[in-house]
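Written below as structure tokens is the structure these notes are about.
All figures in this text were calculated on a predicted structure; none of them were measured in a lab. Numbering starts at 1 and runs along the sequence shown.
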Amino acid sequence: MRSLPAVPSRRSGRIAVTAFVALSLTAALGGCGPEDTGVPAGAPTAAESTDGKPGNSTTGAVPEGLVGEWQDPADLSLGQRSLDLYDPGSGWVADPNDARAGSGIRITSDGGYVWSTYAAVSNGGCWSHGITYQRGSAQGDGDTIVLEPEVNRRTYQGGCNSASDMDREESHSPQRWSWKRTTDQEGRTHLTLVSVEATHDYVLVAAS
């Protein structure tokens, strides 16, 4: 899930390949979030905050430590990116060269969320790209957040190999994540999400 950015003018090939491989692993797991609703053994058991703020104080549908727009750290040098990559009425908003496309999650205090990933890579002059998009409701308590997608879309285009192309709706099953909020040595606030199948690390770019 780890949920999509990179063309030559936007990031190095190494980062692009890393993002693309991560997306491919996500596709193999079948969704931007797990369908299993259990929290893995050894996962974080407390919503930690090292920035002096109570990370798990609940002010609405989700703990306040989760609220905001969180971006993949690899995208920070590119500026803030849009997570609104898909519209159920008109289809995909982003394409492989869309400088607005980003990877991250936005969580609002009233319990809404948008989670998007975008990855692109060139192989022998052929661009392949994949996008995932979720939108739905979030509920949190303490160190756990449950995401229930109302829209869960995935698309992939294989460039010179169209046999692997696909565009489909994924499962709407609830996804349970353990989370923690920390501050790094540069003063950036991080949100780490952990499930049975994946771990994501994001950096706060906009408070709601």
Side-chain angles (χ1 to χ4, degrees), residues 1-4 22-23 25-41 43-47 55-72 81-94 101-119 130-156 166-181 190-202 204-208:
M1 296 226 323
R2 151 120 355 1
S3 251
L4 320 150
L23 183 77
L25 291 173
T26 300
L29 294 174
C32 188
E35 295 181 18
D36 191 311
T37 57
V39 177
T45 57
N56 57 0
S57 175
T58 301
T59 58
V62 296
E64 64 178 350
L66 287 162
V67 175
E69 183 155 329
W70 306 85
Q71 187 171 303
D72 187 327
R81 294 290 183 254
S82 173
L83 304 181
D84 301 305
L85 307 183
Y86 181 79
D87 183 284
S90 57
W92 291 102
V93 176
S103 299
I105 188 168
R106 180 171 64 241
I107 303 173
T108 57
S109 59
D110 62 358
Y113 83 94
V114 168
W115 194 351
S116 296
T117 64
Y118 175 91
I131 304 174
T132 66
Y133 174 87
Q134 282 190 21
R135 187 181 69 195
S137 60
Q139 291 187 349
D141 184 12
D143 65 339
T144 300
I145 183 172
V146 177
L147 306 177
E148 187 165 358
E150 299 169 4
V151 178
N152 188 4
R153 201 74 185 175
R154 177 184 300 278
T155 187
Y156 173 80
M166 61 93 164
D167 186 358
R168 69 190 183 204
E169 188 73 8
E170 298 285 337
S171 171
H172 290 193
S173 297
Q175 306 155 9
R176 184 181 297 273
W177 297 84
S178 179
W179 68 276
K180 66 177 179 179
R181 173 175 164 149
H190 287 251
L191 173 66
T192 303
L193 300 174
V194 180
S195 78
V196 174
E197 298 172 338
T199 297
H200 296 282
D201 179 62
Y202 298 114
L204 182 67
V205 295
S208 296

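Looking at Thr155, its side chain never comes within 3.5 Å of a backbone N or O of Asp167 through a donor-acceptor pair. Between the Trp179 side chain and the Gly142 main chain, a donor and an acceptor come within less than 3.5 Å of each other. For the pair Asn152 (side chain) and Ser171 (backbone), a donor-acceptor distance under 3.5 Å is present. Here the side chain of Ser178 pairs no donor or acceptor atom with the backbone of Leu193 at under 3.5 angstrom.
To the nearest 0.5 angstrom, Thr192 atom OG1 is 11.5 Å from Trp177 atom CH2. To the nearest 0.5 Å, the span separating CD on Glu148 from OH on Tyr113 amounts to 8.5 Å. Distance check, rounded to the nearest 0.5 Å: OG of Ser195 to CZ of Arg176 gives 12.0 Å.
Taking the side chain as every heavy atom from C-beta outward, Leu85 and Arg153 never approach each other to under 4.5 Å. Side-chain contact between Leu147 and Trp115 is present, with at least one heavy-atom pair separated by less than 4.5 Å. When side chains are defined from C-beta on, Val151 counts as touching Glu169, because their heavy atoms get closer than 4.5 Å. Side-chain contact between Gln71 and Glu69 is absent, with no heavy atoms from C-beta onward closer than 4.5 Å.
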Query raised in the report: Checking side chain to side chain contact (heavy atoms under 4.5 Å, CB included) for the pair Leu66/Leu191: CA distance, chi angles, key distance, verdict?
Result: CA-CA 7 Å; Leu66 287 162; Leu191 173 66; 3.6 Å; yes
Query raised in the report: Run the side chain to side chain contact (heavy atoms under 4.5 Å, CB included) check on Val93 and Asp84 step by step: do they pass?
Result: CA-CA 8 Å; Val93 176; Asp84 301 305; over 6 Å; no
Query - Full working for side chain to side chain contact (heavy atoms under 4.5 Å, CB included) between Tyr86 and Ile131 - result: CA-CA 9 Å; Tyr86 181 79; Ile131 304 174; over 6 Å; no
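Looking at every heavy atom in both residues, Ser173 comes nearest to Pro149 through O-CD, 3.7 Å. The two residues Leu204 and Gly68 have their closest heavy-atom pair at CD1-CA, 4.1 Å. Taking all atoms of both residues into account, the shortest heavy-atom contact from Gly111 to Val62 is CA-CG1, 4.5 Å.
Glu150 pairs by the side chain to side chain contact (heavy atoms under 4.5 Å, CB included) definition with nothing, not counting sequence neighbours. Asp87 meets the salt bridge (Lys or Arg N to Asp or Glu O under 4.0 Å) test with no other residue; sequence neighbours excluded. Listed by chain and number, the residues in a salt bridge (Lys or Arg N to Asp or Glu O under 4.0 Å) with Arg135 amount to none (sequence neighbours excluded).
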